[in-house]
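Notes follow once the structure below has been shown.
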Amino acid sequence: MDPIIILHAGIATGTVLLFACIGAIFNERAGILNLGVEGMMLIGAMAGYSVALSTGSAWVGMIAAFIAGGLLSVAHAVVTIHFQADQVVSGLSLTFLGTGLSTVLGEGLSSQAAPTISDVTIPLLGNIPFIGSVFFENHSPLVYLGYLLIPAAWFYIFRTRPGMTLRAIGEKPEAADVLGISVYRQRYAYVIFGGCMAGLAGGIISLSVSPGWYSVQTTSGQGWIAVGLVIFAQWNPVRAAIGSFLFGALRRGILDLQGPATLFGFDNPLFINANLGFFLKMLPFILIILALVIGSNQARRKRLGAPAALGVPYIRGERGL
Amino acid sequence: MEEKEALAVEMRNITIKFPGVLANDNVNLTLKKGEIHALLGENGAGKSTLMNCLAGINRPNAGEIWVDGQLQSFSSPKDAIKSGIGMVHQHFMLVPTQTVTENILLGLDNVGFFMNMRKYEQEIRELADQYSLHVDPEAYIWQLSVGEQQRVEILKMLYRGANILIMDEPTAVLAPQEIEGLMDTLRAMTERGKSIIFISHKLNEVKSIADRVTVLRKGKLTAEGLPMDDMDRKKLAELMVGRTVLFTVFKEENEPGDVVLDVQGVSALNKRGVPALRELSLQVRAGEILGIAGVSGNGQSELAEVITGLRECTGSITVNGEQMANAHPLKAIERGVAHIPEDRNKVGSSPNLSITENTIIKDYKEDPIGEGWQINFLKAAERASGLKDKYDILAPNVETMARKLSGGNLQKVILAREITTQPKLMIAVQPTRGLDIGAIESIQNLLLEQRKNGTAILLISEELDELVSLSDRLSVIHEGKIMGTIEDVENANIEEIGLMMTGEKVS
């Protein structure tokens with residue numbers, strides 16, 4: 001029950017959520033909801049581990065994870081952008097597809113040990129008491145990459161020209177269309193980017209944060225947490241980072257609570273009764289389900305700042321245009 | 001070729017086909033430099049389609065477009081913008097959550113990856129001053145009034161260096177003072193050498209602003225670039241509708257019968273729980289039209305709803321002696337109460353159902369449409385086709401979804417459905433709002449025909465002209481009360497009605 005350990009682990013597992021969540025923010029900002037994050041993460045984790053095994057390089061595996069997630073998301077992009085199908089249905093199917101594919105293709109991977117990416121400490125910054133130990137000591141290099149990703153994503157979305165276009169196509173695609181912006185092309189790009197980021201998040205799990213391939217247990221539902229976090233984050237990368245790290249710490253905190261036999265001098269009820277532990281482990285998912293329920297109401301979603309055209313297929317020529 | 005030099009745009013033999021519809025059939029249009037050219041036509045005549053094609057949104061199936069003497073083939077709106085064509089759409093193409101400046105910069109290639117907002121805001125401010133299009137570049141679109149949003153749309157095109165502006169029904173959304181401002185802006189732009197195509201179906205407006213006029217009817221040309229000086233309202237209407245339009249309707253003498261609708265002391269709350277009707281009483285007799293005049297939001301919608309069973313109330317409402325207050329809407333339907341709701345898109349019809357389905361929505365249980373627990377769709381389609389011909393509903397076929405119909409055609413579908421039930425009482429709320437002349441005329445005639453057949457009609461409208469020409473008696477509503485009723489409508493004093501509408505009692 002050392003707060004530094006819990007927060008440190010929270011940053012590490014939170015980085016997984018961060019990458020997946022920021023990816024999802026991009027495709028949702030473009031107007032496409034992708035509930036297939038869990039599936040894309042699994043594919044990424046499996047592909048990354050497999051490629052790292054065969055090439056002997058964890059970094060090559062990480063690139064493979066990035067590409068694999070992107071490839072799977074192409075299916076979602078084609079179905080929802082080109083054929084204007086229901087995004088919820090397509091996203092759910094994508095999760096099933098990703099889960100199934102990664103289980104089949106990942107058969108036998110778990111018994112082999114792939115190279116992993118080792119943790120590093122940032123000089124100087126790592127020496128700061130408390131803050132250094134939590135944020136800059138013995139972390140995966142991808143955690144540090146995540147720190148850079150947060151302001152970069154925020155700046156891209158809110159302060160650059162392509163970011164402005166991105167917000168416009170998720171908010172009012174016809175306005176962008178009449179100014180000559182290809183809504184379809186942009187949406188494809190961002191859905192695939194979101195997929196790449198989810199795949200990368202999977203790769204971060206299997207190659208760095210908690211290395212190994214444990215079939216569907218590898219991600220154990222973190223993709224769903226990332227999808228829900230988008231709503232908590234109100235489609236803002238900075239809030240996404242706060243949420244990701246909090247959820248990461250929550251996950252680790254719950255695990256740590258079950259460890260010691262006594263807690264603050266009392267018998268630890270979680271140690272005695274394992275069922276209580278299962279209940280606590282469920283908590284993050286209950287929060288996410290709540291977020292999704294809140295987010296499914298049109299009016300409330302609008303108040304939270306959801307892109308107005310999120311989930312709505314764009315068809316030129318509807319309503320007189 | 002020399003002649004083309006003076007032309008900003010020349011569209012030659014444009015033909016545009018949509019599945020089942022020939023939207024434009026061999027249409028020509030010429031726009032001279034520095035002129036305001038009106039493109040006139042009823043809803044669905046193909047005006048917007050033709051202009052979407054000039055703006056690069058649609059591609060014509062045949063025909064040529066020349067811009068500044070150059071043959072052009074636009075494959076995207078970007079191409080059109082590059083040749084100096086800008087379109088201001090009827091439904092504004094603005095992103096509400098972004099600022100004026102962001103909306104103007106959207107889609108421009110020469111804006112850097114990192115945007116220097118200060119610089120662009122300054123540029124936009126200067127451009128706005130030049131044309132006196134006052135709007136704050138830092139404001140968010142959702143903060144702006146409709147008139148200001150339109151200025152942003154115009155600025156967006158001017159910033160792109162547009163020399164040819166297409167204004168699609170620009171006045172439809174504006175208040176009278178804003179229309180004046182827009183007209184001044186348009187004149188200022190032509191003085192600086194810009195050319196404007198002005199799409200409209202409002203004759204007075206077109207007459208006052210345009211230099212020349214091109215008229216479309218059902219996708220075909222009926223006038224090509226005629227000078228406006230030779231035109232008058234009547235001539236324009238004729239070109240648009242294809243027959244002589246009487247601006248007054250012909251109302252036969254009719255002796256009203258027994259009282260059909262009797263409303264006594266009815267009170268009701270509105271959606272927000274605020275009293276909307278206060279002890280309101282009125283009577284409508286068979287074969288009579290009772291008009292209800294009033295400023296919108298004075299209880300008109302609620303009055304229609306309590307009679308048709310859509311809203312709870314206190315007091316008594318009888319139809320042919322039977323109590324209808326707080327009854328299920330089904331009872332109103334069964335007792336022959338027809339309802340033409342204010343919102344024809346959401347309440348009057350189901351947008352994603354076909355014309356056939358919308359016409360059977362009230363009597364699907366009855367012979368010959370309903371057969372036990374089944375619906376005989378063959379018979380339904382047959383009847384709908386009959387209605388389509390009888391009421392002159394323009395649509396590819398009866399399987400067309402309601403949302404694809406123009407306002408006038410949709411209203412005809414609703415009227416066709418309501419009249420088919422042979423109603424005893426008809427509640428018509430704003431039946432002609434937003435329709436063009438041709439459609440208004442046919443809807444008004446349908447109402448008069450019902451009156452002749454002995455239907456009692458309660459006509460709620462905000463168009464005073466319409467009320468005066470259709471009603472046998474005219475009541476004025478203010479804050480949920482009837483302020484007074486005029487028996488001799490033909491010789492009504494409009495000023496007196498106006499005073500009552502603002503809440504003053506007139507003896």
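The figures that follow rest on heavy atoms only: side chains count, while hydrogens, waters and symmetry mates do not. Below, chains carry the letters A, B, ... as their sequence lines are ordered, and counting in each starts from 1.
Residues A:A30 and A:Y190 come closest through the heavy atom pair CB-CB, 3.8 Å.
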Donor-acceptor contacts, no H, no angles, side chain residues 232-247 of chain A, under 3.5 Å, sequence neighbours left out:
from, atom 1, to, atom 2, distance (Å)
A:W235, NE1, A:E28, OE1, 2.8
A:N236, OD1, A:V238, N, 2.9
A:S244, OG, A:L18, N, 3.4
A:S244, OG, A:A240, O, 2.7

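With a 4.5 Å cut-off on non-hydrogen atoms, B:Q98 touches chain A through its side chain but not through its backbone. In this structure, chain A has a heavy atom under 4.5 Å from the backbone of B:N103, while its side chain stays farther away. Residue contact with chain A, scored on non-hydrogen atoms closer than 4.5 Å, involves the side chain of B:I81 exclusively. Using a 4.5 Å cut-off between heavy atoms, B:L108 touches chain A through its backbone atoms (N, CA, C, O) alone. For B:M157, the part sitting under 4.5 Å from any heavy atom of chain A is the side chain, from C-beta outward, and nothing else.
We find that B:R125 and B:E138 are joined by a salt bridge, their nearest charged nitrogen and carboxylate oxygen being less than 4.0 Å apart. Look at B:K78 and B:D109 and you find a salt bridge, because one of the NZ, NE, NH1 or NH2 atoms lies within 4.0 Å of a carboxylate O, short of that distance. Between A:E171 and A:R29 there is no salt bridge, since no side-chain nitrogen of the basic residue lies less than 4.0 Å from a carboxylate oxygen of the acidic one.
The backbone N or O of B:K119 lies less than 3.5 Å from no partner atom in the side chain of B:Q122, so there is not a single donor-acceptor pair. Of the possible polar contacts, one joining the B:N24 side chain to the B:L50 backbone as a donor-acceptor pair under 3.5 Å is found. The backbone N or O of B:K17 sits less than 3.5 Å from a side-chain atom of B:N61, completing a donor-acceptor pair.
At a heavy-atom cut-off of under 4.5 Å, chain B is reached by A:F155, A:Y156, A:R159, A:T160, A:R161, A:P162 from residues 155-162 of chain A, listed in order of number.
Heavy-atom pairs under 4.5 Å with chain A peak, among B:L94, B:L106, B:T49, at B:L106.
With contacts defined as side-chain heavy-atom distances shorter than 4.5 Å, the pair B:I164/B:V67 qualifies.
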